[in-house]
Amino acid sequence: MDIVRRNNVTVTGQEDGPVVVLAHGFGCDQNMWRLVVPVLAGEFRVVLFDHVGSGDSDPSAWDEARYSSLEGYAQDVLEICRELDLRDVTFVGHSVSAMIGVLAALREPERFAGLVLLAPSPSYIDDGEYRGGFSEADIEELLESLESNYLGWSSVMAPVIMGNPDRPELGEELTNSFCRTDPRMARVFARTTFLSDNREDLAGVTVPTLVVECAHDTLAPREVGAFVRDRIAGSTLVTLDAHGHCPQLSDPGPTAEAIASFARAR
């Protein structure tokens with residue numbers, strides 16, 4: 001398997017610069033980073049890719065068993081790093097890719113200079129004192145709606161996830177991104193995303209970590225950012241004055257600066 005083709009890997013920026021890998025969330029692709037990349041490319045070697053089943057990745061590489069677990073996606077990240085001989089990587093994972101980055105860093109910590117966890121959630125389901133933002137019934141209802149009518153679910157949920165109702169073009173962009181994803185693959189990725197619980201994995205992270213949360217996020221309440229920060233020793237929490245779950249689109253300037261400042265310090 002040609003890994004570069006499998007994940008539609010693209011590289012831009014400074015050939016000899018520090019490496020920043022940008023990983024997108026559920027229902028998205030690398031295009032979601034387009035407003036952040038020009039800022040980073042002046043200083044860093046920027047590597048982008050599409051998760052298998054998303055964007056312009058190779059659909060023939062899809063395997064339901066592999067991608068029914070975040071471990072499969074983490075393995076892809078490590079294979080990309082090996083293929084391109086990437087070292088001292090600052091890995092930026094948005095949403096579910098934050099936990100994918102955590103798993104990759106647990107497997108091969110020596111490959112990573114740091115992690116940036118952008119709007120992360122180790123578990124979306126409330127559990128005792130832990131507040132993930134949703135009850136178990138909420139998540140099952142969400143998944144049942146997605147599985148019965150993916151396009152309809154996308155048109156309703158994408159604007160809610162994006163937030164910023166005064167900027168409807170952002171919600172429309174996310175809706176279109178969701179709708180470009182193969183529904184069969186999206187259903188599997190959705191279950192993997194919303195039912196995974198990586199809370200216990202956080203304590204094993206040994207690389208420098210920046211947690212970036214949004215002040216107003218429908219998917220990841222503020223308590224989640226603090227939880228992740230408290231569970232990863234030595235990590236730092238930054239709160240963007242941003243609305244919604246996709247600050248790389250709604251507030252690209254502050255998002256890019258948070259990434260660059262952290263990566264620069266590695």
Side-chain angles (χ1 to χ4, degrees), residues 22-39 51 54-55 92-101 116-126 130-135 137-139 141-143 145-146 149-181 186 189-190 192-196 210-229 237-259:
L22 302 176
H24 65 82
F26 167 80
C28 302
D29 58 29
Q30 62 186 265
N31 189 55
M32 299 294 283
W33 295 106
R34 71 184 185 282
L35 302 180
V36 167
V37 168
V39 179
H51 288 303
S54 303
V92 184
H94 173 235
S95 193
V96 65
S97 281
M99 293 306 110
I100 291 170
V116 178
L117 310 181
L118 180 62
S121 180
S123 176
Y124 288 97
I125 298 176
D126 299 336
Y130 173 78
R131 182 173 177 239
F134 300 87
S135 69
D138 290 335
I139 292 297
E141 182 179 349
L142 180 152
L143 292 171
S145 175
L146 181 152
N149 182 4
Y150 177 65
L151 295 182
W153 178 89
S154 298
S155 65
V156 172
M157 285 301 299
V160 174
I161 293 169
M162 177 59 71
N164 297 275
D166 57 325
R167 300 163 67 189
E169 69 278 4
L170 295 177
E172 290 171 9
E173 176 170 345
L174 190 59
T175 299
N176 291 335
S177 178
F178 279 14
C179 290
R180 284 194 300 271
T181 306
F189 196 11
T192 303
T193 296
F194 290 109
L195 295 178
S196 291
L210 174 67
V211 182
V212 182
E213 66 177 3
C214 297
H216 312 279
D217 188 338
T218 54
L219 282 189
R222 293 284 297 274
E223 292 92 335
V224 172
F227 180 90
V228 175
R229 188 257 334 264
L237 174 64
V238 168
T239 303
L240 300 177
D241 185 19
H243 290 257
H245 192 62
C246 303
Q248 68 270 55
L249 284 180
S250 61
D251 290 88
T255 302
E257 184 51 39
I259 295 169

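Remember, predicted model here, so these are calculated numbers, not experimental data.
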> Which class fits the ring pair H216 and H243: parallel under 30°, tilted 30 to 60°, perpendicular over 60°?
Replying inline: parallel
> Are the side chain of S155 and the backbone N or O of G152 linked by a donor-acceptor pair below 3.5 Å?
Replying inline: yes
> Quick one: CG on L151 to SG on C179, what's the gap to the nearest 0.5 Å?
Replying inline: 5.0 Å
> Between L118, V238, L237, which is the residue that forms a side-chain contact (heavy atoms from CB on, under 4.5 Å) with V211?
Replying inline: L237
> Where the side chain of D126 meets the backbone of G132, is there a donor-acceptor pair that is under 3.5 Å apart?
Replying inline: yes
>> Any non-hydrogen side-chain atom of M162 less than 4.5 Å from a side-chain atom of T218?
In response: no
>> So which atom in L170 and which in L249 form the shortest heavy-atom distance, rounded to 0.1 Å?
In response: CD2-O, 4.2 Å
>> Could you tell me if the side chain of Y124 sits less than 4.5 Å from the side chain of V224, heavy atoms only?
In response: no
>> With heavy-atom distances below 4.5 Å as the criterion, would you say the side chains of M157 and L146 are in contact?
In response: no
>> Could you walk me through whether C214 and H245 satisfy the side chain to side chain contact (heavy atoms under 4.5 Å, CB included) test, starting with their C-alpha distance in whole Å, then the side-chain angles of each, then the deciding distance to 0.1 Å, before giving a yes or no?
In response: CA-CA 7 Å; C214 297; H245 192 62; over 6 Å; no
> Side chains of R222 and T239: does their closest heavy-atom pair fall under 4.5 Å?
Replying inline: yes
> Do V92 and I259 have side chains that get closer than 4.5 Å, going by heavy atoms?
Replying inline: yes
> What distance do T175 atom OG1 and R180 atom CZ have between them, rounded to the nearest 0.5 Å?
Replying inline: 10.5 Å
> Within the side chain of T255, is there an N or O that forms a donor-acceptor pair under 3.5 Å with the backbone of P247?
Replying inline: yes
> Can you tell me how far the CG atom of N176 sits from the CG atom of N31, to the nearest 0.5 Å?
Replying inline: 11.0 Å
> Should I125 and L195 be marked as a side chain to side chain contact (heavy atoms under 4.5 Å, CB included) after you check the CA-CA gap, both sets of side-chain angles, and the distance that decides it?
Replying inline: CA-CA 8 Å; I125 298 176; L195 295 178; 4.3 Å; yes
> Which atom pair, heavy atoms only, marks the closest approach of H24 to H51?
Replying inline: NE2-N, 2.9 Å
> Any donor and acceptor pair, going by atom type alone, linking the side chain of S97 with main-chain N or O of I100 inside 3.5 Å?
Replying inline: no
>> For a side chain to side chain contact (heavy atoms under 4.5 Å, CB included) check, start with the C-alpha distance between D166 and N164, then their side-chain angles and the critical distance, and finish with the verdict.
In response: CA-CA 5 Å; D166 57 325; N164 297 275; 4.0 Å; yes
> Which atoms form the tightest heavy-atom contact between R131 and P221, and what is the distance?
Replying inline: NH1-CB, 3.4 Å
>> Would you say that more than 12 heavy atoms from the other residues, nucleotides or ligands in this model lie under 6.0 Å from the CG of D241, or not?
In response: no
>> Could you report the tightest heavy-atom contact between F178 and S154, atom names first, then the distance?
In response: CB-OG, 3.5 Å
>> If the condition is side chain to side chain contact (heavy atoms under 4.5 Å, CB included), which residues does T181 pass it with, not counting sequence neighbours?
In response: Y150, A186
>> Could you report the tightest heavy-atom contact between D217 and A119, atom names first, then the distance?
In response: OD2-CB, 3.8 Å
> Nearest heavy-atom pair of C28 and S177: which atoms, and what distance?
Replying inline: CA-OG, 3.3 Å
> Rounded to the nearest 0.5 Å, how far does CG of L35 lie from OG of S250?
Replying inline: 10.0 Å
>> Is there a side chain to side chain contact (heavy atoms under 4.5 Å, CB included) between M32 and H94? Walk through the geometry before answering.
In response: CA-CA 10 Å; M32 299 294 283; H94 173 235; 6.0 Å; no
>> With rounding to the nearest 0.5 angstrom, report the CG to CZ distance, L22 to R34.
In response: 13.5 Å
>> So for atom CD, which belongs to E141, do other residues, nucleotides or ligands contribute more than 12 heavy atoms lying within a distance under 6.0 Å?
In response: no
> Does any non-hydrogen side-chain atom of V228 lie less than 4.5 Å from one of S121?
Replying inline: no
